[in-house]
Amino acid sequence: MTEPGRLFDPDEPPPLRPQPAGPAVVRVLPDVSGLEKEFDYLPVADGEAPPVGSLVRVELQRRTVAGWVTATGVTPPPGVTLQPLVKVTSAGPSPDVVELARWAAHRWSGRLGPVLRAASPPRQVPLLPELGQRGNGPGLGGVSLVRLAPDDEGVGLIEPLARQGSVLVITPRLGAAGHLAGRLRRLGLGARLHPRDWPTSASRGGVVVGARSAVWARVPDLAGIVVLDEHDESLQEERNPTWHARDVAVERARRAGVPCVLASPCPSLAALALVGDAVHKPARSAERAGWPVVELVDRRTEEPGRSGLFSPRVANVVRGPGPVLCVLNRTGRAVMLSCAVCGELVRTEDREHLMVERDGQLVSPATGESRPLVCAVCGAAKLKRLRLGVTRAAEELAALAGEPVAELTAATRPGARLPARVLVGTEAALHQLGGVDTVVFLDMDAELLAPRYRAGEQAMALLLHAARLTGPRAGGGRIVVQTRTPDHRVLRAAVHADPGILTREEAVVRRAMGLPPYGALAEISGAGADALADRLLADPGLTVMGPRNGRWLIRADTPDHLADALRPSERPPGRLRVHVDPPRV
DNA sequence: CGGACAAGCTGA
DNA sequence: CAGCTTGTCCGG
């Protein structure tokens with residue numbers, strides 16, 4: 001209670017004390033995980049306010065922490081005493097990229113800090129002059145999608161843009177980026193590698209090539225963005241927020257009013273949806289020539305009794321003469337069932353997923369549907385298990401080939417000399433090798449019928465990897481696929497070297513289910529998930545599914561609607577993990 | 001996140 | 001009621 005005659009308590013700060021404001025006050029997001037709030041500071045010792053994006057050190061609760069300037073010229077909230085910045089450490093992302101990062105944090109329902117970290121230089125860089133961006137204005141430029149032959153590196157897409165100004169080139173892996181940068185340099189285009197050349201890219205621009213984080217690169221005079229292998233899952237960050245470089249590239253280009261070119265030998269449905277199916281295709285003959293021969297071995301038609309890992313045809317292929325890589329996924333824990341009479345795989349009614357035996361019934365982990373232990377194709381009640389394992393595969397292979405077989409693991413060094421003529425490994429082996437002209441997929445069906453909505457696209461990506469490894473058909477490149485589903489759209493697309501076959505059919509299924517890109521998905525888990533799911537049930541624009549293993553799936557018509565529904569301010573208290581666009585559902 | 005502080009529990 | 005654990009709040 002204030003006594004009469006006193007306007008305010010002398011121990012309290014006077015309420016009308018003037019607050020410092022104007023361009024000098026900067027807003028800072030501390031680089032402290034778990035802290036989302038931004039705080040206001042005065043510049044260092046009467047200096048000028050550092051530009052938005054700058055990396056600074058600030059005092060927060062008597063500790064010095066790193067942070068980013070997220071705004072300048074702000075009006076601080078009343079009643080707080082501002083402290084000066086401890087120091088300005090380094091240049092950081094440009095102001096437009098800070099805004100883009102804010103958009104991404106919202107779009108993928110995560111924090112801003114991790115995104116700004118991806119957009120920041122790997123080591124200290126002196127402050128740079130702030131340059132105005134070229135003035136096309138948002139809306140101009142636009143997105144285009146180009147389907148390439150597997151042996152086309154996409155250099156032709158970069159050259160015309162590079163004449164206009166700086167170009168960001170995004171590849172799924174840094175290794176590919178380094179390779180491409182070398183090729184561009186030999187062609188006389190001054191390519192820089194992100195993040196290694198961050199300072200020179202930021203000050204002088206040029207063609208900046210890198211993995212997914214290059215989409216945040218700071219460049220003067222951006223003229224366009226090229227995303228190579230836009231279908232590749234490595235373009236998505238695996239930690240929260242799980243931003244996807246393809247989507248960030250599209251948004252960055254839109255904001256800057258410059259073209260965004262997406263390219264891939266097997267375009268994603270997501271990219272096709274972005275361009276309304278307007279895809280630039282190579283000439284049929286050139287595309288076909290870029291793929292290896294794809295040969296299917298239908299294991300249903302083999303004589304009954306055979307249930308080994310290797311068909312007679314594959315046994316023959318393995319005997320040589322050339323180097324052979326046999327690929328087996330370690331998802332072999334899931335035992336597949338096939339009909340002992342007709343050889344068909346036991347699948348769900350829509351034939352999209354495998355079923356397994358549980359409690360004397362067939363059940364699908366993907367859809368939950370169940371039926372008695374009977375073949376849906378021929379009615380036979382005799383089913384058999386197809387068991388798989390890398391070690392056994394290696395032993396059987398050695399016996400077949402009559403020579404030593406090398407087992408490849410994730411630890412095998414990339415680019416190493418082939419340890420044997422016959423190799424066996426998991427999918428990871430496809431990334432590590434060169435100099436193999438035949439790849440054999442021993443169990444493609446597990447991949448094709450996996451309980452994931454993107455299983456088809458993922459299987460196609462795997463075939464593309466193999467195609468790049470073997471090289472085109474004219475050079476002897478060959479892929480052999482053992483399967484019990486030779487009519488699967490992925491395999492037909494590969495055999496005809498026409499990825500359009502897959503996307504056309506896949507789009508129908510996806511659209512019917514309202515799955516991405518014809519809807520947006522998020523997975524929520526953790527102690528607070530039940531409460532949030534409960535709240536989201538009230539939103540008629542959302543579909544709430546689950547819980548399965550403590551996880552809920554939330555579906556919305558658009559990513560925007562989903563992001564708005566999952567805003568932190570809308571969340572009930574409790575530990576919660578939100579995963580927008582989960583790739584493995 | 002990590003420190004500060006309050007409220008709650010335990011044992012003498 | 002000291003001494004400790006657990007929970008909640010807050011930072012400029």
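All chains are named by letter (A, B, ...) in the order of the sequence lines, taking the proteins before the strands, and each is independently numbered beginning at 1.
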Practice prompt. Could you note down all residue pairs passing ring-ring contact (aromatic ring centres under 6.0 Å, His included) where residues 235-272 of chain A supplies at least one of them, sequence neighbours left out?
Written response: Trp216(A)-Trp243(A)
Worksheet item: Residues two or more places apart in sequence or in another chain: which of them pass side chain to side chain donor-acceptor pair (under 3.5 Å) with Thr89(A)?
Response: none
Item to complete: Give every residue pair that meets the salt bridge (Lys or Arg N to Asp or Glu O under 4.0 Å) criterion with at least one member in residues 197-216 of chain A, sequence neighbours excluded.
Response: Arg212(A)-Glu237(A), Arg212(A)-Glu238(A)
Could you pull out the protein-nucleic contacts involving nucleotides 5-9 of chain C (nitrogen or oxygen on both sides, under 3.5 Å)?
none

Discussion item. Could you work out, with ring pair (Phe, Tyr, Trp, His ring centres under 6.0 Å) as the rule, every residue matching His579(A), not counting sequence neighbours?
Written reply: none
Discussion item. Nearest whole Å is fine: how far is dG12(C) C1' from Leu29(A) CG?
Written reply: 13 Å
Show which side-chain atoms of residues 52-69 of chain A pair as donor or acceptor with protein atoms under 3.5 Å away, not counting sequence neighbours.
| residue | atom | partner | partner atom | Å |
| --- | --- | --- | --- | --- |
| Ser54(A) | OG | Pro51(A) | O | 2.6 |
| Arg57(A) | NH2 | Thr64(A) | O | 3.2 |
| Trp68(A) | NE1 | Ser120(A) | OG | 2.8 |

Worksheet item: Is the cationic atom of Arg511(A) (NZ for Lys, CZ for Arg) positioned less than 6.0 Å from the six-membered ring centroid of Tyr518(A) and within 45 degrees of its normal?
Response: yes
Item to complete: Rounded to the nearest angstrom, tell me the gap between atom CG in Leu35(A) and atom C1' in dG12(C).
Response: 11 Å
Worksheet entry | Whole-Å distance separating the CG atom of Leu42(A) from the P atom of dG12(C) | 13 Å
Worksheet item: Across the strands shown, which category fits Gln61(A) at heavy-atom distances under 4.0 angstrom: base, sugar-phosphate, nothing?
Response: base
Worksheet item: Do any pairs count as a salt bridge (Lys or Arg N to Asp or Glu O under 4.0 Å) and have a residue in residues 166-182 of chain A, sequence neighbours left out, and if so which ones?
Response: Arg173(A)-Asp232(A)
Discussion item. Under 4.0 Å from a heavy atom of chain A: give me the 5'-most and 3'-most nucleotides of DNA chain B that qualify.
Written reply: dC1(B) to dA4(B)
Worksheet entry | salt bridge (Lys or Arg N to Asp or Glu O under 4.0 Å) pairs, two or more places apart, involving residues 98-121 of chain A | Asp31(A)-Arg117(A), Glu36(A)-Arg111(A), Glu38(A)-Arg102(A), Glu99(A)-Arg102(A), Arg107(A)-Asp247(A), Arg107(A)-Asp581(A)
